[in-house]
Amino acid sequence: MFITFEGPDGSGKSTQITLLSFYLRQKGYKVLTTREPGGTHIGDQVRECLHAVDNKGMAAVAEVLLYSASRAQLVHEIIRPAISAGHIVLSDRYADSTLAYQGYGRGLDLGDLDRITRFATGGLKPDLTILLDLDVQYGLSRRAAGGLEMNRMDLQTLDFYRRVREGYRELARAEPKRWVVVDAERPVDAVQADVRRAIEERLVDR
Ligand code: TMP
């Protein structure tokens, strides 16, 4: 089973994934967690290039191809083998980030992004995608308060992040069977309870 976590910056994805993986392992599931961009030795080098604040001149198309290159390596090296070995794979971001940030955020054509993504991933889609949805400004202040290192994607305007959020919500509306939208502006435990419920419903169906 392949589960992805999406959401604007500061939505608490990594905290929720850590709690969920602990919970699922306690229940006896084999769990593998990963993140994008990165998650492999090669992907981590691409991540450095993508996040370097001095790479301000990066063309939007180059940006997409680098995110996609990192994703291609992750799918090939980690995600497909883990799914085949019976793991539940939890990924902090996946292809919907490209649609939200490079598509809705930067304005690149969604059809082009879809084709690039299918090429990069061999068509691997998540079984379930959790959208941790929250007010953009709230997310950014939470991220700043967390003391995380600034990266190139932190240099965007508020309008960019608003388009990203709206883009995510539109993607979720378009594929309601795959997406579960969780209100992430609540305490960590309340969000985690919703996340677990969504996953347990899917596990029972299997
Ligand atoms: P994070 O690791 O802190 O989530 O940072 C990753 C940043 O990269 C975040 O701002 C979202 C951005 N991103 C894209 O713009 N497109 C993508 O395809 C992915 C995976 C991430």
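Numbering of ligands and ligand atoms starts at 1, following listing order.
Between the side chains of R93 and Y101, a donor-acceptor pair is found at a separation under 3.5 Å. No side-chain donor from either of T4 and S91 sits under 3.5 Å from a side-chain acceptor of the other. Checking E6 against Y168 by side-chain atom types alone, a donor-acceptor pair falls below 3.5 Å.
Note on L134: it does not cluster hydrophobically with V180, by side-chain heavy-atom contacts below 4.5 Å among ILVMFWY residues.
Backbone and side-chain nitrogen or oxygen atoms of Y94 are examined, and none is located within less than 3.5 angstrom of a nitrogen or oxygen of ligand 1.
Heavy-atom contacts of E36 reach the following atoms of ligand 1: 20 (C) (cutoff under 4.0 Å). Taking a cut-off of under 4.0 Å to the non-hydrogen atoms of T98, the atoms of ligand 1 that pass are 17 (C), 18 (O).
Looking at atom 4 (O) of ligand 1, its nearest protein heavy atom turns out to be R93 NE, 2.8 Å. At the shortest separation from atom 3 (O) of ligand 1 among protein heavy atoms lies R143 NH1, 3.4 Å.
In this structure, E166 does not pair ionically with R163, as no charged nitrogen and carboxylate oxygen lie closer than 4.0 Å. Taking 4.0 Å as the cut-off between side-chain N and carboxylate O, R162 and D159 count as a salt-bridged pair.
The part of D9 lying near ligand 1 is the side chain, judged by heavy-atom distances below 4.0 Å. Counting heavy atoms closer than 4.0 Å to ligand 1, residue R47 contributes side-chain atoms (C-beta onward) but none from N, CA, C or O.
Counting only non-hydrogen atoms, the option in Y67, Y101, F5 that gets closest to atom 21 (C) of ligand 1 is Y67. Closest heavy-atom approach to atom 6 (C) of ligand 1 within the set R106, Q102, R71, H51: this belongs to H51.
With hydrogens and angles ignored, the 3.5 Å screen pairs a side-chain donor or acceptor of D127 with a backbone N or O of F2.
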